[in-house]
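Lettering follows sequence order; numbering is per chain, from 1.
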2 protein chains.
Amino acid sequence: MAKKPPLKSYDETISENGLRFTDQRRAVYDALMDQQDHPTAVELFIRVKGKAPSISLATVYNCLETLTECGLVQTINHERESARYCPNLSEHAHLFCSGCGGVTDIPLRSKKRAQDIWEFPDNAAITHHEISFRGLCPKCAVTPPPLTK
Amino acid sequence: MAKKPPLKSYDETISENGLRFTDQRRAVYDALMDQQDHPTAVELFIRVKGKAPSISLATVYNCLETLTECGLVQTINHERESARYCPNLSEHAHLFCSGCGGVTDIPLRSKKRAQDIWEFPDNAAITHHEISFRGLCPKCAVTPPPLTK
DNA sequence: CTAGGTGCAAAAGGTTTGCGGTTAA
DNA sequence: TTAACCGCAAACCTTTTGCACCTAG
């Protein structure tokens, strides 16, 4: 009795999409997966520079676009800030903390869906959503930081 | 028995915030309120140019920022597209149609809140949310448009 | 061998800012 | 009178693109 395969692996996904295995693509992917955070393209660029000094920022952007297209990472946008990239593929939202600037994943309560609270017009077909919150993360809400920015 | 005043008027809000009544500010506000749609800054700039030909795009941006800050309009961002401005101040989300490019307001089902489906960490303090959907509006879902892109 | 990828530099696109002049209050 | 506001142009910042070279398959 086969378990539902949770998520395709990097190798599998790259192959299935007829893409090549390049060091840069892998390095960008690993840099995002290693730390489970929400870096910008420039932050990833800096991380990757350590292991592959010749990589360019344009390549980081290109890789991230490709990885997003084939579903290996999520691109998240919020209030015109730099895009951030997320290794968590499950359905979730993000909390952008005004205190520390950090981003926290917000999971869906079990069995709930956006349709449960939003009144979509009949026949509307939703393919994707972009949901983010601005506020204070638990840490900053309890101990406000010394007024950054 | 006083009714709950629904929303402060333009005049009231401008006064309370110690702002000036300028023709440009009013023209930008009116251009947004007249048509209940979701124009970009440039679209509003064009509309306003009709009535106040000397206005500059920078002023339109500045006015929209001020109006957003004092709560008279909402600024909506989606997938790094140009910001759009929304005259509807009630709590709602937006559906960006891949067919016609239009934006539809999505109201909250009565008595529901984001907290009902999202599992926020204890103590997190939410001040604002940015919720948008990508998909097809009812019209385009029924009669797909001729592939605009 | 060759299409897909990379690195570089330049361009694009949307928004913001600096500054001198204008105007609401 | 004077701080807020305006128009203009330049600056900014993030992301994309063109192009010559490189390399995985």
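- Atom CZ in A/Arg84 sits about 16 Å away from atom C1' in D/dT15, given to the nearest Å.
- Note on ring orientation: taking the six-membered ring where Trp is involved, the planes of B/His78 and B/Phe96 are parallel (angle under 30°, cut-offs 30° and 60°).
- Rounding to whole angstrom units, CG of residue A/Asn17 and C1' of C/dG5 are separated by 15 Å.
- Put simply, CG on B/Asn77 is 8 Å from P on C/dT15, counting in whole angstrom units.
- Listed nucleotides D/dG7, D/dT15, C/dG7 differ in distance to A/Leu57; the shortest reach to its side chain belongs to D/dT15.
- A/Val60 and A/Ile46 fall within the same hydrophobic cluster, defined by Ile, Leu, Val, Met, Phe, Trp and Tyr side-chain heavy atoms under 4.5 Å apart, directly or through other members.
- Using a 4.0 Å heavy-atom criterion, one finds that B/Ser82 contacts the sugar-phosphate atoms exclusively.
- Straight-line distance from the OH atom of B/Tyr61 to the P atom of C/dT15: 3 Å, rounded to whole Å.
- Along DNA chain D, the nucleotide closest to A/Asn62 and the one closest to B/Val60 are compared, and the more 5′ of them pairs with B/Val60.
- The CD atom of B/Glu69 sits 14 Å away from the C1' atom of D/dA4 (whole-angstrom rounding).
- OP1 or OP2 of D/dC8 has not a single side-chain nitrogen or oxygen of B/Ser56 nearer than 4.0 Å.
- With D/dA4, C/dC8, C/dG4 as the choices, the nucleotide that has an atom nearest any side-chain atom of A/Ala58 turns out to be C/dC8.
- Residue contacts shown for A/Thr40 are absent, as no nucleic acid heavy atom lies under 4.0 Å away.
- Taking atom CZ of residue A/Arg25 and atom P of nucleotide C/dG4, one finds them 11 Å apart after rounding to whole Å.
- Residue contacts for A/Thr66: at a heavy-atom cut-off of 4.0 Å it reaches no nucleic acid atom on any strand shown.
- Annotation: the span from A/Thr75 atom OG1 to A/Arg84 atom CZ amounts to 13.0 Å, rounded to 0.5 Å.
- If you take CZ of B/Arg80 and C1' of C/dA12, they are 14 Å apart, rounded to a whole angstrom.
- With hydrogens and angles ignored, a donor-acceptor pair under 3.5 angstrom links the side chain of A/Arg20 to the base of C/dG4.
- Contact check for B/His94 versus B/Cys86: side-chain heavy atoms found under the 4.5 Å cut-off.
- A donor-acceptor contact closer than 3.5 angstrom links the side chains of B/Asp105 and B/His38.
- In this structure, B/Gln24 atom CD and D/dC8 atom P are separated by 11 Å, rounded to whole Å.
- Annotation: of the two residues near DNA chain C, A/Ser54 and B/Glu65, the 5′-most nearest-nucleotide partner is A/Ser54.
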